[in-house]
There are 2 protein chains.
Amino acid sequence: MQPKLADVAKLAGVSVTTVSRVINERGYLSAATKEKVFSAMQQLNYQPSLAARVLQGKQFKLVGLIFASVENPLIAQVVEEIENRLFARGYKAIICNSMDNPEKEQQYLKMLMANQVDGIITGSHNEGIKEYKMSGLPIVSYDRYFQTKIPTVSSDNQAGGELAARVMIEKGSKRFMLVSGSLEKRAPNNRRLTGFEHVAEEHGCSVQMVAFPFNSTPNIRRATLREKLLASQPDGIFCTDDQTALLCIQEARKAGMRVPEDVQVIGYDGSDYVQEYHPELSTIVQPVGDIADLLVRLLFNRLQKNDDELLDKYVLPIKLLQRDSLRK
Amino acid sequence: MQPKLADVAKLAGVSVTTVSRVINERGYLSAATKEKVFSAMQQLNYQPSLAARVLQGKQFKLVGLIFASVENPLIAQVVEEIENRLFARGYKAIICNSMDNPEKEQQYLKMLMANQVDGIITGSHNEGIKEYKMSGLPIVSYDRYFQTKIPTVSSDNQAGGELAARVMIEKGSKRFMLVSGSLEKRAPNNRRLTGFEHVAEEHGCSVQMVAFPFNSTPNIRRATLREKLLASQPDGIFCTDDQTALLCIQEARKAGMRVPEDVQVIGYDGSDYVQEYHPELSTIVQPVGDIADLLVRLLFNRLQKNDDELLDKYVLPIKLLQRDSLRK
DNA sequence: AACCGTGTGTCAATCGTTTGACATAAATTA
DNA sequence: TAATTTATGTCAAACGATTGACACACGGTT
């Protein structure tokens with residue numbers, strides 16, 4: 001059995017109230033007593049019962065993270081960086097892989113709701129889940145707009161799309177393929193598409209659109225891409241995520257096109273993993289560290305009820321990582 | 001304020017005891033009452049207070065996952081598959097990225113211990129952390145041997161190393177480089193090395209060893225690899241993880257060696273990500289689904305106190321994924 | 001001598017749920 | 001009709017920590 005407050009008190013030779021005072025730092029306390037209590041806690045390896053504390057209205061120090069899937073390198077990095085920052089503040093993170101499945105997401109919310117977690121950070125992409133409104137929990141979101149007043153952090157998707165178009169046009173591309181790795185209605189990352197299209201049209205370039213549902217497998221994507229590549233023979237491709245961009249490069253080569261000579265490719269995300277292990281891929285890099293930082297900061301703002309000056313949207317700057325899938 | 005048991009009782013027009021009975025399925029209950037109670041819970045969107053239940057000795061339904069870093073594709077996949085299975089059983093997962101840092105791991109254990117989680121699944125690689133023994137929690141581990149009687153699941157590292165050696169020897173390699181992506185003392189994956197060395201020596205092949213500490217960056221690894229590649233001019237490389245294998249391929253090419261003509265490369269892990277997005281890499285594939293399955297199953301065995309017939313070690317079979325980094 | 005700040009103790013209520021003991025009443029069965 | 005079984009209610013004690021009210025020291029100030 002785990003030691004309880006009373007055990008610590010007995011060992012330290014003080015009352016439970018005093019031990020509680022030491023733990024919660026209230027009232028007057030002599031250095032000697034504190035010392036005795038701490039050493040008793042140490043000896044017993046005492047950990048206060050979280051459950052009991054929560055019942056008193058204290059915080060769980062638990063945050064739910066709802067994302068589509070940590071198998072995506074960008075999400076993995078976002079989750080890891082968030083988790084690091086939460087840990088530094090003494091918080092734990094519950095991981096929820098929604099697989100972009102609204103039902104699963106709803107179930108997760110149910111689990112997290114009520115009194116279980118103190119707050120939620122979500123980067124999942126589903127529409128109109130009423131529990132988000134009901135929960136009454138502090139929530140912040142990544143790359144996702146909500147109806148209600150939930151602060152959203154995202155990279156500058158519009159600028160990213162525009163930049164990708166501008167760079168490829170500058171380097172001679174004229175017939176574009178625009179590949180959306182996942183298609184949702186209210187996701188801000190649709191701006192990646194509109195930004196790209198806008199600039200392309202401005203320069204009189206053609207844009208062929210290809211879109212995949214989130215759950216389409218790489219093999220399905222490959223088959224579709226191969227067909228579209230052969231049919232439209234683009235000389236520039238912009239993908240809204242890096243993994244799809246990798247498939248494009250590979251399928252283009254299989255189809256006999258040279259990258260970047262015949263067709264240039266730019267992806268989006270620029271996770272550390274992609275930067276390190278796919279050295280050829282040019283991509284629009286999201287500032288993941290800043291994103292994690294801001295998400296956590298915003299959440300704590302709401303946790304501490306400083307509802308002051310929280311904006312609805314925070315858009316962080318992106319940058320281009322130019323590598324061999326782009327011409328010099 | 002969240003609705004509580006009493007609110008549900010009032011709305012349903014029954015006593016709190018009855019509501020509790022419905023929730024916990026004890027005693028006699030008429031269908032009509034159950035219906036009334038369920039609909040009241042629905043209406044109020046009632047969620048029982050986890051904290052209060054835990055205080056009664058119920059389970060938190062919370063499991064801690066301690067792994068080095070979810071940025072590693074294999075770990076991400078293991079974590080995701082574990083999380084899926086836990087979720088299916090109504091459990092939540094707390095994610096802990098230890099970064100292979102013993103202090104961080106110790107802190108995590110402290111957080112998880114006491115009364116906070118019901119069990120722990122760890123794939124982290126640190127030595128002699130006394131809290132593991134103290135915790136008294138059900139623990140199962142992945143690819144890691146413990147002193148105490150903690151069940152360990154791993155892939156057949158020995159066979160994996162042997163297979164890698166045998167295949168490359170068969171395809172003509174004689175001078176090997178053996179690259180360990182991380183070096184720990186008590187990790188079963190050292191068997192990957194010994195298995196490889198054993199077969200190589202048996203066939204009279206030379207083996208040059210290169211080892212990296214866990215936290216060495218890709219750039220450091222690259223620099224070291226380049227130097228070692230030029231110095232020893234191997235015609236076969238086996239890496240204990242896929243990411244390092246990718247670096248080997250890239251650096252070998254930069255050094256003017258052809259893969260697989262001049263040098264063959266085999267990695268280890270074979271995560272879905274690597275299979276999909278690094279189509280060239282040959283690798284020893286761990287059965288991640290089975291591993292996750294077994295880990296969760298073993299944990300639940302201990303959670304339910306069925307301490308029957310738990311083995312110390314569970315070694316699952318591996319297989320070779322042969323692709324272009326190996327000769328035909 | 002009266003007063004205050006400091007340090008500690010006792011006591012009891014509280015958080016929300018569970019559970020056992022016990023009572024009661026209707027429906028069912030012997 | 002009597003004895004069960006079924007269905008529900010009341011009551012109160014847990015679970016472990018927190019906290020406010022209050023008491024009572026002791027030392028040092030005025």
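In what follows, chains are A, B, ... by sequence order, proteins preceding strands, each numbered from 1. Worth knowing before you read on, the calculation uses all heavy atoms, side chains too, and leaves out hydrogens, waters and symmetry mates. On a predicted model such as this, the values are computed, not experimentally measured, just so you know.
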> Taking OP1 and OP2 of C:dT18, is either one under 4.0 Å from a side-chain nitrogen or oxygen of B:Arg53?
Replying inline: yes
> Should A:Ser20 be listed as having a side-chain N or O under 4.0 Å from OP1 or OP2 of D:dT18?
Replying inline: yes
> B:Leu55 CG to D:dC15 P: how many Å, rounded?
Replying inline: 9 Å
>> Please confirm whether the shortest side-chain N or O distance from A:Lys58 to OP1 or OP2 of C:dC15 is below 4.0 Å.
In response: no
>> Could you check whether the side chain of B:Thr17 and the base of D:dC11 have a donor-acceptor pair of N or O atoms closer than 3.5 Å, going by distance alone?
In response: yes
>> Using whole Å, what does the distance between atom P of nucleotide D:dA17 and atom CD of A:Gln59 come to?
In response: 19 Å
> Is the distance from OP1 or OP2 of C:dT8 to the nearest side-chain N or O of A:Ser30 less than 4.0 Å?
Replying inline: yes
>> Taking the nucleotide of DNA chain D with the nearest heavy atom to each, does B:Gly13 or B:Gly57 sit closer to the 5' end?
In response: B:Gly13
>> Nearest whole Å is fine: how far is D:dC15 C1' from A:Gln2 CD?
In response: 14 Å
>> Taking any heavy-atom pair under 4.0 Å as a contact, classify A:Leu5: base, sugar-phosphate, or nothing.
In response: base
> Which whole-number value in Å describes the distance from B:Glu35 CD to D:dA7 C1'?
Replying inline: 17 Å
> Which listed nucleotide (D:dA17, C:dT18, D:dG20) is nearest to the side chain of B:Gln56?
Replying inline: C:dT18
> Parallel under 30°, tilted from 30 to 60°, perpendicular over 60°: which one fits the rings of B:Tyr273 and A:Tyr273?
Replying inline: perpendicular
> Given atom CG of B:Asp7 and atom C1' of C:dG16, what is their separation to the nearest angstrom?
Replying inline: 11 Å
> Out of C:dT17, D:dT8, D:dG16, which has the shortest distance to the side chain of A:Ala52?
Replying inline: D:dG16
>> Side-chain N or O of B:Tyr46 versus OP1/OP2 of C:dG16: is the shortest distance under 4.0 Å?
In response: no
>> Check the phosphate of C:dG7 against A:Tyr28, side-chain N and O only, distance under 4.0 Å to OP1 or OP2. Yes or no?
In response: no
> A:Tyr91 vs A:Phe300 aromatic rings, parallel, tilted or perpendicular, using cut-offs 30° and 60°?
Replying inline: perpendicular
>> Does A:Val14 reach a base, just sugar-phosphate, or nothing at all? Heavy atoms under 4.0 Å.
In response: sugar-phosphate
> Counting N and O atoms only, with roles assigned by atom type, does the side chain of A:Asn101 sit under 3.5 Å from a partner on the main chain of A:Glu103, one being a donor and the other an acceptor?
Replying inline: yes
>> Between C1' on C:dT8 and CG on A:Leu29, what's the gap in Å once rounded to a whole number?
In response: 9 Å
> Taking NZ from A:Lys10 and P from C:dT8, how many angstroms apart are they, rounded to a whole number?
Replying inline: 21 Å
> D:dT19 phosphate, OP1 or OP2: any side-chain N/O from A:Arg26 under 4.0 angstrom?
Replying inline: yes
>> Closest-nucleotide mapping onto DNA chain C: is A:Lys36 or B:Arg21 further toward the 5' terminus? I mean the 5' end.
In response: A:Lys36
>> Strictly below 4.0 Å: does A:Ser49 bring a side-chain N or O up to OP1 or OP2 of D:dA17?
In response: no
> Of the candidate nucleotides C:dG9, D:dT8, D:dT10, which contains the atom at the shortest distance from the side chain of A:Ser15?
Replying inline: C:dG9
> Is a side-chain donor or acceptor of A:Asp100 paired with a backbone partner of A:Ala68 at a separation under 3.5 angstrom?
Replying inline: no
> When you measure from the side chain of A:Thr152 to the backbone N and O of A:Arg144, does any donor-acceptor pair fall under 3.5 Å?
Replying inline: yes
> Under 3.5 Å, is there a donor-acceptor pair between the side chain of B:Gln47 and the main chain of A:Lys110?
Replying inline: yes
> Between D:dC15 atom P and B:Phe60 atom CZ, what is the distance in whole Å?
Replying inline: 17 Å
